Amino acid sequence: MNSNLHRLAGILAGALLACASNGAFAADISGAGATFPYPVYAKWAEAYRAKTGVGLNYQSIGSGGGIAQIKAKTVTFGASDAPLKPADVESSGLVQFPTVVGGDVPVVNLPGIRAGEIVLDGPTLANIYLGHITKWNDAAIKKLNPNVNLPGQAIAVVHRSDGSGTTFIFVNYLSKVSPDWAKNVGAATSVEWPVGIGAKGNEGVAGNVAQTGGAIGYVEYAYATQNHLTYLRMINKDGVAIAPSAANFKAAAAKADWLSAPDFYLILTQQSGHDSWPITGATFILLYKHPPDAAAAKEALKFFTWAHSPEGDRLAEGLDYVPLPPNVVQAISKMWHEKIDANAVP
Amino acid sequence: MVDIAVSDMSIPSDRLAAARSFSRSDARFRALTATAAFIVVAAFVGIIIALVSGSWLALKTFGFGFLTTEVWNPVTEKFGAVAPIAGTLITSSLAMLVAVPVGIGIAIFLTELCPRSLKRPVGIAIELLAGIPSIIYGIWGLFVFAPFFQATIQPRLIDWFANIPLLRDLFAGPSYGIGMFTASLILSIMILPFISAVTRDVFDAVPAVIKEAAYGLGCTKWEVMWQIILPYARIGVVGGSMLALGRALGETMAVTFVIGNAHRINESLFAPATTISAAIANEFTEAVGDLYLSSLIAIGLMLLCISFIVLGLAQYMIAILERRAGGRSQ
């Protein structure tokens, strides 16, 4: 709903800009795709425009749309929450790099339970989403929470009904921790959910969890903090029960071996490390190696260079996203110089 | 047309010019209205061509199986339309089951039994119900009705029917608040004004003479209603109901909010399900891959077919009713 409004606003803004720029030439950067990073892209665009006068027309039409648009060459860059496989990136003549890192947070609606009071591990969370665990006082949950007074209420599983990067990160995690999930459901931006209620958008999941007693859902971290939802702690790969926080997403991002991943094809779920939040993910940008419009690509890369500067990092942190570690930013810049046409790299 | 040969002598030339200009403006008017009608036909044909070409890939890949399988798996790219089709038909029929008797009841009350002072306020209230945007119904359903339903009515219904064989399965837990039953109830409220408004108008059109004659013969209000007014107005009642059914089949936003959006068919009416329009609204933006997109367009085509069949059935029903009414009067 929200993203529709955003999109409409984007289209209107685009139309207005097109009218305005008829006389004077204004080189706006055009991009389309993922909804997960839309808030931070919008924030960056606003600040960047104020600073340089160059605007960004980003339409958050979804990762699938972003990939389709870049392949149709109607935009300068496409954005996707799920990284394209290296072979796919290569065959399409694209390059791929991450922009920011964020995290998914499981949230519940249980009267009398405080945020962070309940702790779950990956297999238990997967079994809830597989429909194997149906009551809150199931033995598996009790075992992890011996001191919590768990109600005998039925668990109402809530998931996204639209395809989304948030879902991709979540089910990718479930696939890593549960062979059963990997075999029967798998990971993609939308899957065939074995049980549960579907809701549209992060705000839809947050709303459904808040309205349904006994519900469990997953939302992007910012939604959990802004709506004061009762989040769960998770046991990470090192066996430590930790709460979701920007610092813990950062820990997961820092542990990741970005530099040896071809085309930055790396999914940050279930990283090792004492403080690593297990359901962490990055969002990605797609650009042509030989851009049809070198000047536009150069503007886009300038924008992302600025976005990865301390100034851009601060804006991202203000919205509960995690900036990339400095060595990854360096690797991205190196990759640009190696792969993209020289006249399109700033 | 103007006959020029004769009129040369008898009709003054200014009148002749006027007559000619009338004939020209009539021709223009006809062309204009014909264009308007043609645009509708062209748009309809265009939509059908677009839907068929868009869904061709899915129909070719899955064949007839598209209509018989329940699986909807974006990961393995296997799609079947049974769950959304069943969800659409079940929610719409349930909504009709509730809304038709209530709507007719409202119309009877308003035309025959209601005190004159109440007639306008109640009538306006019902018409306003039709003017509320569907998203408001959805938000109300999710944030007000569903939590109330989950906490109070739903557990009781589950308890009541726990020992009755068939109803036990239809009203099985757990209580989520949202689901097929809630969606049907919200839908029935949404289509109620269509039924009651049209029905009231056709009841009002029943000639007073007939009603007075019946009362004069000593008929009770009940008898007049069932023996005189309803049979007289039944074609209009069927027409109004079909209009409402058409709206119920295609309703998107309100249903998406409260149905639970799950591609499954469940015995229990309390379980989450999905409808064709809800599935399209939810999944279109992020449908990755040609086959996924094509399958979504294909279920859109199915919805068009269902609406077409419903419309056809309505025409058929009206034709039968008319023939029967004609047969009786002979």
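In what follows, every heavy atom counts, from backbone to side chain, and hydrogens, waters and symmetry copies are set aside. Residue numbers begin at 1 in each chain, while the letters A, B, ... track the order of the sequences. What you see is a predicted model; the values in this text were computed from it and never measured.
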Residue B/Asp290 excluded, over 12 heavy atoms near CG under 6.0 Å: no
Which atoms of B/Leu142 come close to chain A, meaning under 4.5 Å heavy atom to heavy atom: side chain ones, backbone ones, both, or neither? both
Do the side chains of B/Ile178 and A/Ile197 get nearer than 4.5 Å, heavy atoms only? yes
Applying side-chain contact (heavy atoms from CB on, under 4.5 Å) between B/Val75 and each of A/Thr189, A/Val191, A/Asn184, report the one that passes. A/Val191
Residues A/Lys200, B/Asn282; criterion side chain to side chain contact (heavy atoms under 4.5 Å, CB included); working and verdict: CA-CA 6 Å; A/Lys200 194 166 166 60; B/Asn282 271 306; 3.5 Å; yes
Is it the side chain or the backbone of B/Phe284 that comes within 4.5 Å of chain A heavy atoms, both, or neither? neither
Below 4.5 Å from any heavy atom of chain B, which atoms of A/Val171 appear? Answer side chain, backbone, both or neither. neither
Counting heavy-atom pairs under 4.5 Å with chain A, which one of B/Gly177, B/Pro147, B/Ala279 comes out on top? B/Pro147
With chain A, the option among B/Ile259, B/Thr274, B/Asn266, B/Val71 that has the most non-hydrogen atom pairs under 4.5 Å is B/Val71
Can you tell me how far CD of B/Glu283 sits from OG of A/Ser164, rounded to the nearest 0.5 angstrom? 12.0 Å
Might you confirm whether atom CG of B/Leu166 has over 12 heavy atoms from other residues, nucleotides or ligands at distances under 6.0 Å? no
Out of curiosity, B/Arg264 CZ to A/Trp193 CH2, how far, rounded to the nearest 0.5 Å? 11.0 Å
Neighbour count >12 (heavy atoms, 6.0 Å) for atom CZ, B/Phe143: yes
If we define contacts as heavy-atom pairs under 4.5 Å, which of A/Ala154, A/Pro194, A/Gly165 has the most with chain B? A/Pro194
With chain B, the option among A/Ala156, A/Gly66, A/Gly204, A/Ala188 that has the most non-hydrogen atom pairs under 4.5 Å is A/Ala156
Could you tell me which portion of A/Ala68 (side chain, backbone, both or neither) has an atom closer than 4.5 angstrom to a non-hydrogen atom of chain B? neither
Less than 4.5 Å apart, side chain to side chain, heavy atoms only: is that true for A/Thr212 and B/Gln150? yes
Heavy-atom pair of closest approach, residues B/Pro272 and A/Gly196: CG-O, 3.5 Å
If we ignore hydrogens and angles and just use 3.5 Å, is the side chain of A/Glu192 paired with the main-chain N or O of B/Trp72 as donor and acceptor? yes
